[in-house]
Amino acid sequence: MRLFAAVLPPRSAMDELAGRAAALRSLPDAGRLRWAGHDSWHFTLAFYGEVADEILPHLHARLARAAHRHAPYGLRIAGGGRFADRVLWAGADGELTAMRKLAGSASAAGRRAGLTMDERPGYTPHLTLARNRTPGLSLAPFAAALDTFAGTPWTVRSLALVRSHPPTPGVAGKQPHYETLMTWPLGGHAPGGPGR
């Protein structure tokens, strides 16, 4: 299974962002981008890649412990940016230090469960809005249109393990489908399992 750990925004936060995303889709060249559906919006904390079935119980136990060690924290979707001209994203504001620490714990959980993690320096909380495969098309106007966006704050209360189902081969424009497998409350009870 192709898995990642994530923070899932509440429906109200996604509805607010959907309003801004609709405005972005009216900008010139918006039709040349591959837009992510709002049912797929999330903040990835750690990407695990393909995880064998026998590793899953160990990963569950590690993530439960990671969630237990972190208190709920405040967050909101705000601003945005781009990774080169490949990915357009909405950003986050609030207790970002807490979010970065949770991301670090989610990565450590994967390593301790026996997964090989693709470590990248510095965690940038982001929620992917669109992908660009058109050479020479700048995402700068789209990112600039997100500068003033600031959603309503909410409290992050859980850590989720999500499965990514790839798009159907041969179907143009089809997006991956995401399935939440488990959630653990932040600061909640950590069940027993393999040692730390």
#### Entry: Any side-chain heavy-atom pair of L159 and M182 under 4.5 Å
no

### Message
Hydrophobic clusters here meaning ILVMFWY residues chained together by side-chain heavy-atom distances under 4.5 Å, can you tell me if L59 and W184 are in one?
### Response
yes

### Message
Using only atom types and a distance under 3.5 Å, with no angle test, would you say the side chain of R62 pairs donor to acceptor with the backbone of R111?
### Response
no

### Query
Quick one: do L63 and I55 end up in the same hydrophobic cluster if we chain Ile, Leu, Val, Met, Phe, Trp and Tyr together by side-chain heavy atoms under 4.5 Å apart?
yes

### Greater than 12 external heavy atoms within 6.0 Å of R100's CZ
yes

### Message
Is it true that S40 and H42 share a donor-acceptor pair across their side chains at a distance under 3.5 Å?
### Response
no

#### Entry: Transitive ILVMFWY side-chain link F4 to M1, under 4.5 Å
no

### Message
When you compare the side chain of R65 with that of R69, does any pair of heavy atoms fall below 4.5 Å?
### Response
yes

### Query
Hey, does the side chain of D85 reach the backbone of L139 with a donor-acceptor pair shorter than 3.5 angstrom?
yes

#### Entry: side-chain contact (heavy atoms from CB on, under 4.5 Å) between L33 and L24, worked out
CA-CA 11 Å; L33 302 179; L24 293 175; over 6 Å; no

### Task
Ignoring hydrogens and angles, tell me if any N or O in the side chain of E95 forms a donor-acceptor pair with the backbone of G74 under 3.5 Å.
yes

#### Entry: Donor-acceptor contact present, side-chain S26 to main-chain A23, <3.5 Å
yes

### Query
Quick one: OG1 on T180 to CG on L161, what's the gap to the nearest 0.5 Å?
9.0 Å

### Query
Heavy atoms, side chains only, cut-off 4.5 Å: are V156 and F43 in contact?
no

#### Entry: Pair Y73-L186, side-chain contact (heavy atoms from CB on, under 4.5 Å): steps then yes or no
CA-CA 9 Å; Y73 61 93; L186 296 184; 3.9 Å; yes

### Query
Can you name the closest pair of heavy atoms from R82 and S138 and give their distance?
NH1-OG, 4.0 Å

### Heavy-atom check, side chain of H70 versus side chain of M99, under 4.5 Å
no

### Query
Quick one: CG on L115 to OH on Y48, what's the gap to the nearest 0.5 Å?
8.0 Å

### Task
Report yes if the side chains of L17 and L127 come closer than 4.5 Å at any heavy-atom pair, otherwise no.
yes

### Message
Do Y178 and D39 have side chains that approach each other closer than 4.5 Å (heavy atoms only, starting at C-beta)?
### Response
no

### Task
Heavy atoms only: give me the nearest A66-S105 pair and the separation to one decimal.
CB-CB, 3.9 Å

### Task
Could you pull out the closest heavy-atom pair between W41 and T128, with the gap in Å?
CD1-O, 3.5 Å

### Query
Same hydrophobic cluster for V7 and L3, using side-chain heavy-atom links shorter than 4.5 Å among ILVMFWY?
yes

### Heavy-atom pair with the smallest gap, counting every atom of A30 and R25
CB-O, 3.3 Å

### For A67 against P185, the heavy-atom pair lying closest together
CB-O, 3.6 Å

### Query
Taking the six-membered ring for Trp, are F83 and W89 parallel (under 30°), tilted (30 to 60°) or perpendicular (over 60°)?
tilted

#### Entry: Reported CG-to-CD1 distance for the pair D93 and I77, which is rounded to 0.5 angstrom
11.5 Å

### Summary
In short, P9 meets W154 closest at the heavy-atom pair CA-CZ2, 3.8 Å

### Message
Counting C-beta onward and ignoring hydrogens, is there a side-chain heavy-atom pair between N132 and R86 closer than 4.5 Å?
### Response
no

#### Entry: Straight-line distance of R157 CZ to L8 CG, nearest 0.5 Å
15.0 Å

### Task
To the nearest 0.5 angstrom, please state how far the OH atom of Y123 sits from the CG atom of L102.
8.0 Å

### Query
To the nearest 0.5 Å, how far apart are CG in L129 and CZ in F142?
11.0 Å

### Message
Side chains of L27 and D29, heavy atoms from C-beta outward: is any pair under 4.5 Å?
### Response
no

